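To start, the structure itself, in structure tokens.
Source: prediction; values computed, not measured. Proteins get letters first, then strands, A, B, ... in listed order; numbering begins at 1 in each.
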Amino acid sequence: MPELPEVEVVRRGLAAHVSGRELRSVEVLHPRAIRRHLPGSTDFSGRLAGRRVDAVSRRGKYLWVSLDEGEALLAHLGMSGQLLVQAPGTPDEKHLRIRFSFADDGPELRFVDQRTFGGCMLDDLVEVDGTPVPALIAHIARDPMDPLFSLPSAVATLRGRRTEVKRALLDQSLVSGIGNIYADEALWRAKLHWARPTDRLSAARVAEVLSAATEVMVEALGAGGTSFDALYVNVNGQSGYFDRSLAVYGQEGLPCPRCGRPVRREPFMNRSSYSCPRCQPRPRVTSGPRTAVASGPRKPA
DNA sequence: CAACCGCCCTGGGTGC
DNA sequence: TGCACCCAGGGCGGTT
């Protein structure tokens with residue numbers, strides 16, 4: 001699944017292979033790929049033709065290329081999206097959704113997406129806290145690799161929520177870029193169970209898990225960068241070579257690299273959470289609905 | 001407003 | 001061999 005490090009690899013690839021080039025035509029092969037572009041595919045293609053691609057930016061898992069007139073082409077890879085740079089004439093990928101052709105007859109940019117959770121759209125740039133971002137993602141918080149990311153402020157935001165720590169880590173409006181894989185890895189590094197209530201964690205503990213998330217994503221970015229290929233802006237929608245370095249994610253039954261206990265898998269939000277039963281014990285108190293507080297008034301029987 | 005739930009979607013894998 | 005089913009899951013709209 002593309003999370004922040006994978007999307008950053010893609011961003012770098014786009015900056016290297018697409019920046020500065022002029023689009024000639026855009027072909028939408030699957031309408032779902034532009035479902036968030038409400039005016040539809042004719043409008044999408046029509047407005048992109050002839051435009052010059054400028055800088056490539058990223059916030060969390062969102063990626064965009066700036067165009068002129070304060071507009072941007074915004075993309076999200078979803079679960080299986082890829083942006084590939086391919087020579088024209090290369091046979092279409094099975095799940096090719098959008099083809100971007102350039103006026104210089106050079107390599108095409110292709111949006112390929114098996115599960116169609118990802119997509120592209122045109123959007124206006126707006127200024128949020130001094131940074132221009134596409135209007136549609138104005139609610140997405142800065143990610144830990146953003147130079148203006150503030151750890152103390154993110155800690156305060158997370159602790160202000162009454163929820164489980166993993167839910168908070170995955171909430172892109174609190175801190176962005178973290179998905180299921182890096183959330184599990186960060187929680188393992190910080191020795192926290194995913195169900196720990198954020199509002200009962202010390203600021204130091206929350207800072208620790210956020211720093212762990214940053215660390216593990218920086219390491220993954222290093223590993224993902226090594227799998228970079230001139231033609232492929234990104235690889236496979238997976239974590240590059242970093243999957244070899246995962247401590248718990250997807251490692252059910254394998255020994256915890258720290259203590260050797262078998263990694264457990266628990267259901268979490270209709271998906272899975274991986275953790276070490278010894279290093280990350282279940283919390284005594286969960287962040288469930290605030291039922292009768294121990295000291296509160298008691299209903300008569 | 002915060003928290004949470006259900007849905008979107010496809011194909012690879014598995015069990016019968 | 002084939003079919004039914006499960007699973008992966010980020011983001012968002014709707015509801016409480």
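When the side-chain nitrogen and oxygen atoms of A:His139 are compared with OP1 and OP2 of C:dC12, one or more of them lie within a distance under 4.0 Å. Note on A:Tyr62: a side-chain N or O is less than 4.0 Å away from OP1 or OP2 of C:dC12. Distances shorter than 4.0 Å separate none of the side-chain N or O atoms of A:Gln172 from OP1 or OP2 on C:dG10. At least one side-chain nitrogen or oxygen of A:Arg265 sits closer than 4.0 Å to the OP1 or OP2 atom of C:dA8. Side-chain nitrogen and oxygen atoms of A:His76 include none within less than 4.0 Å of the OP1 or OP2 phosphate oxygen of C:dG10. For A:Arg161 and B:dA3, the shortest distance from a side-chain N or O to OP1 or OP2 is below 4.0 Å. Applying the 4.0 Å criterion to OP1 and OP2 of C:dC7, one finds that A:Ser272 has every side-chain N and O outside that range.
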Generate the contact string for nucleotides 5-11 of chain B. Rules: B means base contact, S means sugar-phosphate contact only, - means no protein heavy atom under 4.0 Å.
S--BBBS

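For the pair A:Asp184 CG and C:dG10 P, the computed distance is 10 Å after rounding to whole Å. Rounded to whole Å, atom P of C:dG11 lies 13 Å from atom CG of A:Asp113. Taking atom CE of A:Met121 as the reference point, atom C1' of C:dG10 lies 12 Å away to the nearest angstrom. For the pair A:Leu4 CG and C:dG10 C1', the interatomic distance rounds to 14 Å; values are reported in whole Å. Atom-to-atom, CZ of A:Arg162 to P of B:dC4 comes out at 11 Å; the value is rounded to the nearest Å. Residue A:Phe268 contributes atom CZ, which lies 12 Å from atom C1' of B:dC4 at whole-angstrom precision. Taking atom CG on A:Leu77 and atom C1' on C:dA8, their separation rounds to 16 Å, with Å as the unit. Across the protein-nucleic acid pair, A:Leu74 atom CG and C:dG10 atom P stand 17 Å apart, rounded to whole Å.
Where the helix from B:dA2-C:dT16 to B:dC16-C:dG2 starts and where it ends, the local axes point in directions that differ by 40°; five pairs per end, rounded to 10°.
A:Arg99 and A:Asp92 are joined by a salt bridge, as a carboxylate oxygen and a charged side-chain nitrogen come within less than 4.0 angstrom of each other. Taking the charged nitrogens against the carboxylate oxygens, A:Asp68 and A:Arg51 do have a contact shorter than 4.0 Å, which makes a salt bridge. A salt bridge is absent between A:Glu164 and A:Lys166: the closest approach of a Lys/Arg side-chain nitrogen to an acidic carboxylate oxygen does not fall below 4.0 angstrom. Using a 4.0 Å cut-off between a side-chain N of Lys or Arg and a carboxylate O of Asp or Glu, A:Glu8 and A:Arg12 qualify as a salt bridge. Look at A:Arg189 and A:Glu219 and you find a salt bridge, because one of the NZ, NE, NH1 or NH2 atoms lies within 4.0 Å of a carboxylate O, short of that distance. Ion pair A:Arg21/A:Asp104 flagged as a salt bridge, since at least one NZ, NE, NH1 or NH2 atom sits closer than 4.0 Å to an Asp/Glu carboxylate oxygen.
Counting heavy atoms of neighbouring residues, nucleotides and ligands inside a 6.0 Å radius, atom CZ of A:Arg261 exceeds 12 of them. Atom CG of A:Asn270 has 12 or fewer neighbouring heavy atoms from other residues, nucleotides or ligands inside a 6.0 Å radius.
With hydrophobic clusters built from ILVMFWY side chains whose heavy atoms lie under 4.5 angstrom apart, A:Met121 does not share a cluster with A:Val28.
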Apply side chain to side chain contact (heavy atoms under 4.5 Å, CB included) to the pair A:Val56 and A:Val10, showing each step before the final yes or no.
CA-CA 10 Å; A:Val56 190; A:Val10 174; over 6 Å; no

